[in-house]
Amino acid sequence: MKRTILSLEGLLLGISFAYGQANISPAKPQTKPVVITGATIHVGNGQVINNGYITFVKGKITGVGEGAAPSVADAEIIDATGKQVYPGFIAPMTTLGLIEIEEGARGTVDDTETGELNPHVRSLVAYNADSKVIPTVRSNGILLAQPTPNGGLISGESSVVQLDAWNWEDAAYKKDMAIHLNWPVAAGGRERRGAIPVPGVVQETPAQRAQKKVDEITSLFEQAKAYAEIAKPAVTNIRFEAMRGLFNGTKKLFIIADNAKEIGQAVTFSKRLGISAVIVGGKESYLVTDLLKENNVPVIIRETQTLPDRDEDDVYLPYKLPKLLQDGGVLYGLTGTGFWRQRNLPFEAGEAVGYGLTKEQALSMITMNNAQILGIDKTTGTLETGKDANLFISKGDALDMIGLDVETAFIQGRNINLDNLHKQLYKKFSDKYGLKE
């Protein structure tokens, strides 16, 4: 009986895996030159080329210009007349590839480690290149991302990945480039009503608890800095080894902070330790633009499709934040929420156009700016000679929900498959009910 049960379990498991297998293979390396002609090319740095061409060979852009394209032997010619060419969008600070199902399937959630201080935890090794969510995101032009750990005071370190890969090793675009810190917030939750004071025990205020955490973080970073000054420590400390890059400039510290006070504390903290910092969230960053600009600290805005935290704030403040930072001379980027909602990233950028940004500034926010903040701007983020051919062709405006229609996309020159589970289900039930596209 036991053997029979095991056999049935094995059969059912095999069936579930069969239905769960990915049916979209990563693209093969570029083997012949590609020339895109007749397109409106959005370079990503504010420049727009009408009736333009772009050529790329072996994954690298070899030419961008206006008018007739140069002759390239044995090239594949793509006529994009009347269409738009964009740099691939970049999604920083996301759990894409780390979470598959948010509720009811804990085995598919791998974005958080136990403990408070985990600078050595690498999100890259948890990245699932076979996620069914990834193809739905890149179908909207998002071709690179930064899968990021969550939880604790120091969540771990992140890498940048390209979204068409066999595994995490294949996906890695820039490894272990940032460590993530959740800055303690003094305005904590409400005290438990009816709590009975314990004789002889002093009750801590939210501000005191926050300061205690700041002291804990400060102590850890000071020790890590001292450790980094030792070329060959007698005893290896894996936490401090992971933090070494913060002090030699090879890693950035991404600090999650929203309020102006906490942002100021975080900037001062990083400046004192000589660390290159990035503010994530920054809901009140518009109040401290001088401080951010003076210290060359960029901001990654967490979504604009939300309400302000305080009742007295302008209800449209989240939509206006990109323009406020633009006017303040602060480098800023944009990310969406979670993982699957990253597909809305271009639309959130587009909405900022209605609140003061130009279309090209909004595009730069999720291409060039994000690339600069992530430290990958030498290879991607704009369509310029010598950079990776990370780009896509859309039939319409890629920042508009109606206009976006990605028909071809390339990652490092590879023509990737734009099919996804949503498209497959649409086709399946269109066939069943006789619907026409």
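Between the side chains of E262 and N259, at least one donor-acceptor pair of N or O atoms lies under 3.5 Å. In the model, E241 has a side-chain atom that pairs as donor or acceptor with a side-chain atom of Y227 under 3.5 Å. Defined by atom type and a distance below 3.5 Å, a donor-acceptor pair is present between the side-chain atoms of E360 and H42. Side-chain contact annotation: N150 with T112, donor-acceptor N/O pair under 3.5 Å absent. Between the side chains of H180 and E157, no donor N or O sits under 3.5 Å from an acceptor N or O. For the residue pair S394 / Q84, no side-chain donor-acceptor distance below 3.5 Å is found, with atom types taken as modelled. Between S155 and N182, the side chains place a donor N or O and an acceptor N or O closer than 3.5 Å (distance only, hydrogens not considered). For the 3.5 Å distance criterion, the side chains of T337 and Q342 fail to qualify, holding no donor opposite an acceptor.
Between the side chain of T148 and the backbone N or O of Q146 there is at least one donor-acceptor pair closer than 3.5 Å. No donor-acceptor pair closer than 3.5 Å links the side chain of N118 to the backbone N or O of H120. Judged by distance alone, with hydrogens and angles left aside, the side-chain atoms of D405 form no donor-acceptor pair with the main-chain N or O of G396 at under 3.5 Å. Under the 3.5 Å distance criterion, the side-chain polar atoms of T108 are matched with a main-chain donor or acceptor of I101. Proximity of a side-chain donor or acceptor of Y86 to a complementary backbone N or O of A398 within less than 3.5 Å is detected. Judged by distance alone, with hydrogens and angles left aside, the side-chain atoms of S123 form a donor-acceptor pair with the main-chain N or O of P147 at under 3.5 Å. Although no hydrogens or angles enter the test, the distance criterion places no donor-acceptor pair under 3.5 Å between the side chain of K271 and the main chain of A277. Proximity of a side-chain donor or acceptor of S131 to a complementary backbone N or O of N128 within less than 3.5 Å is not detected. No side-chain donor-acceptor contact under 3.5 Å links T380 to the backbone of D377. For the pair R414 (side chain) and K28 (backbone), a donor-acceptor distance under 3.5 Å is absent.
Exactly one residue among N390, I411, T367 makes a side-chain contact (heavy atoms from CB on, under 4.5 Å) with L144. That residue is N390. Among the candidates N140, D400, T304, the single residue satisfying the side-chain contact (heavy atoms from CB on, under 4.5 Å) test with F347 is N140. For the side-chain contact (heavy atoms from CB on, under 4.5 Å) criterion with L345, the lone passing option out of L399, T94, L334 is L334.
The residues E222 and K225 are annotated as not salt-bridged, no charged nitrogen and carboxylate oxygen being separated by less than 4.0 angstrom. Ion pairing between a basic and an acidic side chain is recognised when a charged N comes within 4.0 Å of a carboxylate O; K213 and E216 show no such pairing. Of the charged side-chain nitrogens involved, none lies within less than 4.0 Å of a carboxylate oxygen, so that D258 and R302 do not count as a salt-bridged pair. Taking a cutoff of 4.0 Å between a charged side-chain nitrogen and a carboxylate oxygen, D313 and R310 qualify as a salt bridge.
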Exercise for review: In sequence, state the C-alpha distance, the side-chain angles, and the governing distance for D176 and K251, and then conclude on salt bridge (charged side-chain N to carboxylate O under 4.0 Å, His left out).
Suggested key: CA-CA 7 Å; D176 303 326; K251 291 182 181 178; 5.7 Å; no
Assess the residue pair V278 and L253 against the criterion (side chain to side chain contact (heavy atoms under 4.5 Å, CB included)); give the C-alpha distance rounded to whole Å, side-chain angles, the decisive distance to 0.1 Å, and a yes or no. CA-CA 6 Å; V278 176; L253 183 63; over 6 Å; no
For this session: Could you check N420 against T136 for side-chain hydrogen bond (donor to acceptor under 3.5 Å, both in side chains), going step by step and ending with a plain yes or no?
Result: CA-CA 6 Å; N420 62 52; T136 69; 5.9 Å; no
Q.
Run I36 and L391 through side chain to side chain contact (heavy atoms under 4.5 Å, CB included) and show every step you take.
A. CA-CA 11 Å; I36 300 173; L391 56 98; 3.8 Å; yes
- Residue pair F254, L374: steps toward the side chain to side chain contact (heavy atoms under 4.5 Å, CB included) verdict: CA-CA 10 Å; F254 281 56; L374 296 177; 3.9 Å; yes
* To do: Take H422 and R343 through the side chain to side chain contact (heavy atoms under 4.5 Å, CB included) test and state the conclusion after the steps.
  => CA-CA 13 Å; H422 294 175; R343 63 189 179 189; 2.8 Å; yes
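Closest heavy-atom contact between T358 and V353: O-CG2, 3.9 Å. Across G52 and I41, no two heavy atoms sit closer than the pair C-CD1, 3.6 Å. Closest approach of K32 to D74, counting heavy atoms only: CE-O, 3.2 Å. Nearest heavy-atom pair across A75 and V35 is CB-CG2, 3.8 Å. The shortest heavy-atom contact between G381 and A371 is CA-CB, 3.9 Å. L418 and K423 get closest at one heavy-atom pair: O-NZ, 2.7 Å.
One finds the CG atom of L331 at 9.0 Å from the CD1 atom of I300 (value rounded to the nearest 0.5 Å). Rounding to the nearest 0.5 Å gives a distance of 10.5 Å between OG of S276 and CD1 of I373. In this structure, CD in Q47 is found 9.5 Å from CD in E66, a value given to the nearest 0.5 Å.
Enclosure of atom CG in D431 by more than 12 non-hydrogen atoms of other residues, nucleotides or ligands within 6.0 angstrom is indicated. Crowding of K83 atom NZ: a count of heavy atoms from other residues, nucleotides or ligands under 6.0 Å exceeding 12. In K261, the NZ atom is not crowded: 12 or fewer heavy atoms of neighbouring residues, nucleotides or ligands sit closer than 6.0 Å. More than 12 heavy atoms of other shown residues, nucleotides or ligands fall within 6.0 angstrom of atom CD1 in I230. For N296, the CG atom is loosely surrounded, since the number of other residues' heavy atoms within 6.0 Å does not exceed 12. Residue K378 places its NZ atom among 12 or fewer non-hydrogen atoms of other residues, nucleotides or ligands, all under 6.0 Å distant.
Within the 4.5 Å cutoff, the side chain of R244 has heavy atoms near those of the P233 side chain. Side-chain atoms of I99 and W340, non-hydrogen and from C-beta on, never get closer than 4.5 Å to each other. In this structure, the side chains of I49 and T40 stay at 4.5 Å or more apart for every pair of heavy atoms. In this structure the side chain of T62 never reaches within 4.5 angstrom of the side chain of P33, judged on heavy atoms. Using a 4.5 Å heavy-atom threshold, the side chains of I366 and I90 count as separate. Proximity of I256 to L181: side-chain heavy atoms (C-beta onward) are nowhere separated by under 4.5 Å. Y286 has its side chain out of reach of V330: every pair of non-hydrogen atoms, C-beta onward, lies at least 4.5 Å apart. Side-chain contact between L292 and S285 is present, with heavy atoms from C-beta onward closer than 4.5 Å.
Note: F410 and F392 fail the aromatic proximity criterion, with ring centroids not under 6.0 Å apart.
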Can you list, pair by pair, the side-chain donor-acceptor contacts under 3.5 Å of residues 318-325, counting residues two or more places apart and other chains?
residue: K320; atom: NZ; partner: D314; partner atom: OD2; Å: 2.5
residue: K323; atom: NZ; partner: D327; partner atom: OD1; Å: 3.1

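Taking the ring-ring contact (aromatic ring centres under 6.0 Å, His included) definition, one finds that Y127 meets it with nothing, sequence neighbours left out.
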